[in-house]
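Here is the structure we will look at.
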Amino acid sequence: AYVGDTPTDMETALAAGVHPVGVAWGFRDRAELARHGARTILARPVELLDLVDGRPRGARGRPAVPM
């Protein structure tokens, strides 16, 4: 995955053949990231953890399921 907040980041990910992940807390809005190829758009930084380990997170970033 390639994580970024600009259209250039999404285009770079696509050119590199990796999964483009946009972040909604950055410079551009969700629609612009999606137009430029974001396949996943995260709303909060803690969601990066979900992307890495696949576990849903609770409100404070702790795993929502027992480990």
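None of these values were measured; they are calculated from a predicted model.
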Check: L42 and W25 side chains under 4.5 Å, non-hydrogen atoms: yes

L14 to R39 - nearest heavy-atom pair and separation: CD2-NH2, 3.5 Å

Between CZ on residue R35 and CG on residue D29, distance to nearest 0.5 Å: 6.5 Å

Stepwise side-chain hydrogen bond (donor to acceptor under 3.5 Å, both in side chains) test for D9 and T6: CA-CA 5 Å; D9 293 330; T6 67; 3.1 Å; yes

Within one Ile-Leu-Val-Met-Phe-Trp-Tyr cluster: M10 and I41, side-chain cutoff 4.5 Å: yes

Heavy-atom pair of closest approach, residues A1 and L51: CB-CD2, 4.5 Å

Passing option when T40 is tested against V21, V3, V23 for side chain to side chain contact (heavy atoms under 4.5 Å, CB included): V21

Linked hydrophobic residues, V52 as query - side chain contacts closer than 4.5 Å: none

E47 side chain to A43 backbone, donor-acceptor under 3.5 Å: yes

